[in-house]
Amino acid sequence: MKKSTFFILGSVIFLTMNTLSAQEFVANYDEEKVPEYTLPDPLVFSNGARVQNKKEWDKRHTEIYKMFENEVYGRSPVWKGKIISTELSSNLNALNGAAIRKEIKLTLKNGKKELSMVMLLYLPKSSTPVPVFLGYNFGGNHSVTEETDISITSSWMRNNPTTGAVDNRASEAGRGKGASSWQVKEIISRGYGLATIYYGDVDPDFDDGFKNGVHGLYKKRPTNSSWGSIAAWAWGLSRAMDYIETNKSIDPERVIVMGHSRLGKTALWAGATDNRFAIVISNNSGCGGAALSKRIFGETVGSINRSFPHWFCDNFNKYNEKEELLPVDQHQLLSLIAPRPVYVASAEEDQWADPKGEFLSCAGASPVYTLLAGKGLPVLEMPAVNSPVVGFIGYHVRTGGHNVTLYDWQQYLDFADLHLGKNKP
Ligand code: GTR
């Protein structure tokens, strides 16, 4: 056990708590051992008053949003800089003639500082602007497709988990390695485009003390509520959206933000912070994503903060092994996206991400969707595997493990057709 002291709420209150070390932590996978917990009601203000209508929801939305900002993800700066786009490559007959493919360098200029990220764009051939899925990739743009001529990112890849050294550059060996998670041909054949960026272009995935990536674009000294990397990555998706709004081939009203795992947490926070995203998709996002924290099932707040101290704001540490004190839970994150459709996908074997907690989170957000969109999640009970349930909230748990599969993509495409296509409700 380690004792930590945290400084909260100005200068008067100190909170001392015991935290487990990584070695002491044992994840709970037993439903019987889930503690009794009370979820904060998204439709009840902190002062106990109930939200009566859509207008009152706007105020409650702000209240919930601020709690997530201060206590979970951290506050991101307002962007006042300039984005310069440069086309690095163009192939008008990619995927054997089925698609147009471009690599576009986006340089974010903030005063004298700048940062570049490269967007890989696949678009179906169309005479009108097309809808796109926007999401970060884990292994570099060259990992997303089997096409062999995509450039390799010069950003550092993740740090070496054993030595801590940042010594693993992207290489040829990673080419096409993530292709099955992206299903570019399927996306294109259904009339959608794909815009993807290597997440490390935006912020490196290790605790670098705010030096590199977008954090380095800003001078501000970190506080306990400064943006962590998830917020930084989400912020980067908004900058990608700024560029998309200038691209005449894409319909900016039909941009679907999607992410897997830590990048699923990122997609949800991006959806909550930027209402230009028409649909939000979370694939196996788990703790700090779609899963309820107060269930303490699989990954917990304490374990995620110990393993990834840079992902959330420092205030989030106050809730290590103290989930009952959290003023919010993740169903309220989903509710911040309402009435825009949100889809949450779990995988049966991915118990670390707590599939049931992800479903219950959808159920907990449903009353907000019912108020704003007329329909949230259409069921009260968790569905069987491979049986999607779809309203303005969509959910499935599929067979298999922590991954993005063709099956997942087929559900996302159907969900996008339903909400953005001709048959939209
Ligand atoms: C795990 C982490 C999860 C999830 C995953 C990933 O190690 O505990 O929260 O985000 O990484 O991003 O692949």
Side-chain angles (χ1 to χ4, degrees), residues 88-89 91 94-96 98-99 101-105 116-123 132-163 165-189 192-206 213 229 233 236-237 240 257-267 281-286 289 307-308 345 347 349-350 352-353 398-410 412-413:
L88 300 179
S89 77
N91 180 341
L95 300 176
N96 296 325
R101 190 192 79 204
K102 290 179 190 287
E103 289 172 283
I104 296 154
K105 183 167 147 189
S116 290
M117 55 192 193
V118 179
M119 179 186 283
L120 172 66
L121 199 55
Y122 276 99
L123 298 177
V132 297
F133 286 85
L134 168 67
Y136 284 123
N137 61 73
F138 278 97
N141 291 345
H142 69 303
S143 70
V144 164
T145 161
E146 270 141 19
E147 295 201 301
T148 54
D149 53 342
I150 313 285
S151 49
I152 297 184
T153 182
S154 59
S155 303
W156 292 110
M157 303 300 276
R158 269 180 271 173
N159 58 336
N160 182 316
T162 322
T163 63
V166 190
D167 56 3
N168 48 345
R169 287 265 191 199
S171 70
E172 273 302 322
R175 201 174 277 291
K177 283 276 164 16
S180 67
S181 299
W182 288 96
Q183 301 290 338
V184 186
K185 283 186 202 143
E186 179 78 7
I187 294 171
I188 294 290
S189 75
Y192 292 80
L194 173 68
T196 184
I197 296 167
Y198 169 55
Y199 79 132
D201 278 1
V202 178
D203 207 43
D205 197 355
F206 60 95
S229 291
W233 294 320
L237 289 169
V257 67
M258 179 271 174
H260 169 57
S261 205
R262 69 197 69 185
L263 300 177
K265 309 179 209 297
T266 301
I281 294 172
S282 146
N283 192 91
N284 306 176
S285 62
S307 303
F308 308 100
E349 289 164 23
D350 187 14
W352 181 241
R398 65 155 167 76
T399 42
H402 189 68
N403 205 347
V404 197
T405 66
L406 176 60
Y407 178 86
D408 295 320
W409 274 108
Q410 285 165 339
Y412 304 153
L413 287 158

Practice problem: In plain terms, say whether Asp350 and Arg398 are close enough for a salt bridge, that is, a side-chain N and a carboxylate O under 4.0 Å apart. | Solution: no
Practice problem: To the nearest 0.5 Å, tell me how far Ile152 CD1 sits from Asn141 CG. | Solution: 10.5 Å
Practice problem: State the CG-CD1 distance between Leu237 and Ile197, to the nearest 0.5 angstrom. | Solution: 6.5 Å
Quiz item: Going by distance alone, is a donor N or O of one side chain under 3.5 Å from an acceptor N or O of the other, for Asn284 and Ser261?
Solution: no
Practice problem: Calculate, to the nearest 0.5 Å, the distance between atoms CG and CD1 belonging to Leu134 and Ile281 respectively. | Solution: 11.0 Å
Practice problem: Work out which heavy atom in Glu103 is nearest to a heavy atom in Asp149; give both atom names and the distance. | Solution: OE1-O, 4.3 Å
Quiz item: Do Leu88 and Val118 come within less than 4.5 Å of each other through their side chains, counting heavy atoms only?
Solution: yes
Quiz item: Below 4.5 Å, heavy atoms only, C-beta onward: do Leu121 and Leu194 meet side chain to side chain?
Solution: no
Self-check item: Short side-chain donor-acceptor distance under 3.5 Å, Tyr199 and Asn137
Solution: no
Quiz item: Of all heavy-atom pairs between Leu123 and Ile188, which one has the smallest distance, and what is that distance?
Solution: C-CD1, 3.7 Å
Quiz item: Between Glu147 and Leu95, is there a donor-acceptor pair closer than 3.5 Å when you use the side chain of the first and the backbone of the second?
Solution: yes
Practice problem: With rounding to the nearest 0.5 Å, note down the distance linking CD1 in Ile150 to OG1 in Thr145. | Solution: 5.5 Å
Self-check item: Any His142 side-chain heavy atom under 4.5 Å of Glu172 side chain
Solution: no
Quiz item: Under 6.0 Å between the ring centres of Tyr192 and Phe133?
Solution: yes
Quiz item: Considering only heavy atoms from C-beta outward, does the side chain of Phe138 approach that of Arg262 to under 4.5 Å?
Solution: yes
Quiz item: Is there a donor-acceptor pair closer than 3.5 Å between any side-chain N or O of Ser143 and the backbone N or O of Arg175?
Solution: no
Quiz item: Is there a donor-acceptor pair under 3.5 Å between the side chain of Lys265 and the backbone N or O of Ser285?
Solution: yes
Quiz item: Would you say Tyr407 and Thr399 make side-chain contact, with heavy atoms under 4.5 Å?
Solution: no
Practice problem: Find the distance between CE (Met258) and CH2 (Trp409) and round it off to the nearest 0.5 Å. | Solution: 4.5 Å
Quiz item: Closest approach of Lys105 and Ser116, non-hydrogen atoms and distance?
Solution: CE-OG, 3.5 Å
Quiz item: Can you check whether Ser180's main-chain N or O pairs, donor with acceptor, with Gln183's side chain at less than 3.5 Å?
Solution: yes
Quiz item: How far apart are the closest heavy atoms of Tyr122 and Ala94, and which atoms are they?
Solution: CE2-CB, 4.2 Å
Quiz item: Distance from Leu120 atom CG to Thr196 atom OG1, nearest 0.5 Å?
Solution: 6.5 Å
Quiz item: Which heavy-atom pair separates Ser229 from Pro204 by the least distance, and what is that distance?
Solution: OG-O, 4.1 Å
Quiz item: Does the side chain of Tyr136 pick up a donor-acceptor pair with the side chain of Asp201 at under 3.5 Å?
Solution: no
Quiz prompt | Within 6.0 angstrom of Gln410 CD, more than 12 heavy atoms from elsewhere | solution = yes
Practice problem: Mind listing the closest non-hydrogen atom pair of Tyr412 and Ser282 along with its distance? | Solution: OH-O, 4.3 Å
